[in-house]
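Read the structure below first, then the notes.
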Amino acid sequence: MKLKEYISLPCSLRFMVEDLELQSSASRRKLMEQEIMTAQSDIEQAYNVLRSYFVRVKEPKQELNIKTLQFRLAGIKDLRTTIQNMAEHRVLDDIELFEIKHLAILTGEVEKQMDKTGIACSLPDLDDVVAILDPEGLRIATFYIYDAYSDTLRDIRRQREKEPQNEDLFVKMQEEEELIRQELSRQLQPMQKKIAEAYMSLIDIDITLAKALQIKRMGLCFPVIGVTTGYTDMWQPEVKELLRARHREYQANSISFGNNPTLIIGSNMGGKTVVLQTVALCQLLTQFGFGVPAREAQVALKDEVLMAMADGQSIESGLSSFGAEMLNINNIITAARMGKRVLALIDEPARTTNPIEGTALVNGLLEVLVKTGQSIVVVTHYNVSAADCRCYRVRGLENGKMNYALEATTANTVPHEALAIARELGIDDEWLERTEEFLREE
Amino acid sequence: MSGLIKALAEQRSCSLIGMEKNTGKTVTLNYLLDHLPSERRVAVTSIGLDGESQDQVTQTRKPEIELREGMLFATSEKHYRMRKMVAEIIDVSQERTALGRLVTAEVKQKGKVILSGPGSSQSVRRWMDETEGRADLIIVDGALSRKSVASPTVSESMILSTGAAYSANMEKLVRDTAYIVELIQLPKETEGGEEKIYLTGAVTNRVLESILGDKTAAGKEVVIQDFTRVFAEQLLWHRFCKVHRVSVQQKSRLLAITVNPTAPNGMVLDSDKLCKEMFEATGVATYDLVKKLKVDR
């Protein structure tokens with residue numbers, strides 16, 4: 001699946017992509033079209049390149065060089081149609097010839113700036129392209145069919161100075177210009193591959209630089225690839241940003257899991273959903289080659305990331321929240337059984353039905369999931385018998401303050417903190433008193 | 001140098017707007033381009049509806065503009081390809097319009113081109129920012145006033161074209177033009193001061209009436225975005241202005257009015273009388289450039 005298909009998952013991947021300082025819309029387009037990387041060698045290769053950028057980007061003395069590099073990269077234009085036309089041996093028009101000349105000069109400038117910054121890159125040499133499109137040797141990224149291309153053209157244009165109204169001369173000039181365009185297109189033809197390569201490389205530089213700058217800005221880490229997944233002090237960057245805006249601290253937390261279901265229990269408002277979002281986000285960021293929001297990260301690669309979140313109501317298909325949710329989880333079970341490596345995040349399954357059936361549904365689900373041997377993280381409030389599951393509990397209310405830390409637990413009883421939290425929220429006293437009476441009666 | 005050219009040569013940017021089609025906006029543009037001193041580096045583009053829909057609205061083709069060596073212009077890919085001149089491409093924008101991307105070029109050998117520039121205020125602004133360093137004076141051929149998606153107030157100054165095509169009744173022509181001039185010359189919003197009423201969007205009769213009917217609004221300054229937002233009737237507007245100070249957030253200086261006394265149906269108004277009455281009603285220098293060209297020759 002492509003980045004553009006994952007971007008609307010409710011895990012702030014969009015936030016991270018939009019935070020990138022991409023200089024060109026062509027880069028954004030290419031990034032969105034990127035397929036998720038599933039081979040360890042691809043990902044490690046991508047991180048090696050990213051690291052080589054990051055070591056430069058983080059040096060304060062490089063700031064001006066990086067700014068200049070960004071300024072240059074902002075000159076990348078969308079050349080898809082032009083490159084396509086070259087591949088199809090079409091005669092290029094003035095605008096396309098301008099674009100190619102512009103790219104060729106830009107490639108040289110970016111290479112020089114990369115060199116200054118000390119980042120290795122392999123951009124093709126396009127000097128011969130520039131030579132063809134710059135007969136006057138001015139090295140300026142402007143273009144027209146120069147007089148220098150043909151004596152005939154020069155003569156016609158001189159004649160036109162004297163007879164600006166002569167239509168025949170104008171037609172003659174156009175014919176001569178077209179001959180020159182044909183000749184230029186023919187000369188450029190063998191260079192089509194390296195022009196396309198330069199274009200793609202410039203875009204890659206823009207994307208990689210933006211990722212390296214994001215790592216610096218957000219203090220992200222480079223993940224290592226492993227057989228199990230574990231994050232130390234991970235955070236959800238969008239939530240952290242929101243809290244910062246309200247002058248509040250984000251409490252990072254840690255989690256690790258292997259190829260069996262992991263259960264997260266704990267009080268309401270304990271940040272369990274945020275944990276699920278962060279786990280999904282870190283996985284996707286790793287497999288799309290971004291920095292990861294954690295102090296340390298080890299990631300087991302997956303073929304697919306699936307989420308069934310609490311806001312998964314399907315109004316369009318006319319399903320109730322329960323129906324939509326059941327179908328969504330059913331898809332996860334199907335995918336998990338298909339033999340692909342799956343990471344699935346399920347937020348409070350069966351929460352909208354009665355607690356007796358709900359608990360049974362979650363117990364059943366966990367048993368089914370254990371058999372699939374996949375990485376699946378489930379958040380629940382139900383009292384389930386979590387045999388064979390790793391279990392985490394949110395620390396919860398401590399002295400009237402929420403502790404969002406996760407701790408591994410074996411106890412399969414969910415904490416009863418709902419009333420305490422409701423009281424913290426200032427919920428109606430009579431309601432809570434009556435509730436307590438009901439609990440005592442039970 | 002005529003007074004009009006002198007006034008324009010001092011500006012950094014100028015928009016041309018017309019009261020109506022055939023009021024001589026293109027004549028004005030060509031006159032200016034022809035008479036501006038050649039050492040002033042001029043860049044020109046047009047704004048408003050894209051070329052295709054404009055053709056449909058008015059059933060006429062956008063006219064060609066004649067440009068000299070050294071002038072810069074911006075037009076769509078489509079019209080760039082149709083140019084009748086030698087020009088060097090300086091830039092191709094990433095924004096797309098219905099007629100393709102925007103090409104900015106420098107004239108190498110004089111000739112004609114159809115101008116179809118950026119479609120919105122923001123993209124005109126962006127183009128002007130990019131072009132400022134390359135040109136001394138930017139001229140923007142605006143769309144018909146108030147029907148435009150892009151406001152002419154993006155530029156520092158303005159020239160208004162009006163004429164018999166709008167109304168062959170001289171009294172109405174002068175009165176309505178004077179109304180537009182009055183709107184163009186609305187003062188800029190006062191700094192600080194008391195509580196003001198900000199109106200975004202169109203200022204219609206209904207909006208004015210509701211403010212007049214609201215006792216809590218009495219005496220407050222009313223701020224509108226720019227003159228193109230006013231669609232209210234003159235009588236009501238004048239009544240409103242007696243009760244409220246009305247100001248604008250964006251304003252540009254009106255340099256001159258140009259008149260075309262000839263209507264498309266052949267009706268011709270007395271040029272001298274029209275210029276005189278227009279000047280008396282507006283206080284703004286008024287020219288009949290067609291006549292001037294004839295006299296000059």
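Throughout, a chain's letter reflects where its sequence line sits, starting with A, and its residues are numbered from 1. Computed over heavy atoms, backbone and side chain alike; hydrogens, waters and symmetry mates excluded.
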Exercise for review: Could you look at B:A87 and say if it's the side chain, the backbone, both or neither that has a heavy atom under 4.5 Å from chain A?
Suggested key: backbone

Point to revise | Side chain, backbone, both or neither of B:V92 within contact of chain A (heavy atoms, under 4.5 Å) | key: both

Point to revise | Side chain / backbone / both / neither for A:A141 at chain B, heavy atoms under 4.5 Å | key: backbone

Exercise for review: Report the residues that fulfil salt bridge (Lys or Arg N to Asp or Glu O under 4.0 Å) with A:E241, sequence neighbours left out, ordered by chain and then residue number.
Suggested key: A:R244

Can you list the donor-acceptor atom pairs spanning chain A and chain B that come in under 3.5 angstrom?
| from | atom 1 | to | atom 2 | distance (Å) |
| --- | --- | --- | --- | --- |
| A:K77 | NZ | B:D91 | OD1 | 2.8 |
| A:K77 | NZ | B:V92 | O | 2.8 |
| A:D78 | N | B:Q94 | OE1 | 2.9 |
| A:D93 | OD2 | B:R81 | NE | 2.6 |
| A:D93 | OD2 | B:R81 | NH2 | 2.3 |
| A:D94 | OD2 | B:R83 | NH2 | 2.9 |
| A:E99 | OE2 | B:R101 | NH1 | 2.4 |
| A:E99 | OE2 | B:R101 | NH2 | 3.1 |
| A:T142 | OG1 | B:E88 | OE2 | 2.5 |
| A:F143 | N | B:I89 | O | 3.0 |
| A:F143 | O | B:I89 | N | 2.7 |
| A:Y146 | OH | B:E88 | OE2 | 3.2 |
| A:R157 | O | B:Q109 | NE2 | 2.7 |
| A:R160 | NH1 | B:Q109 | OE1 | 3.2 |
| A:E161 | OE2 | B:Q109 | NE2 | 3.1 |

Study note, to complete from the structure: For residues 62-70 of chain A against chain B, heavy atoms under 4.5 Å, the residues are none

**Study point:** Test side-chain hydrogen bond (donor to acceptor under 3.5 Å, both in side chains) applied to A:K2 - qualifying residues, sequence neighbours left out
**Key:** A:E33

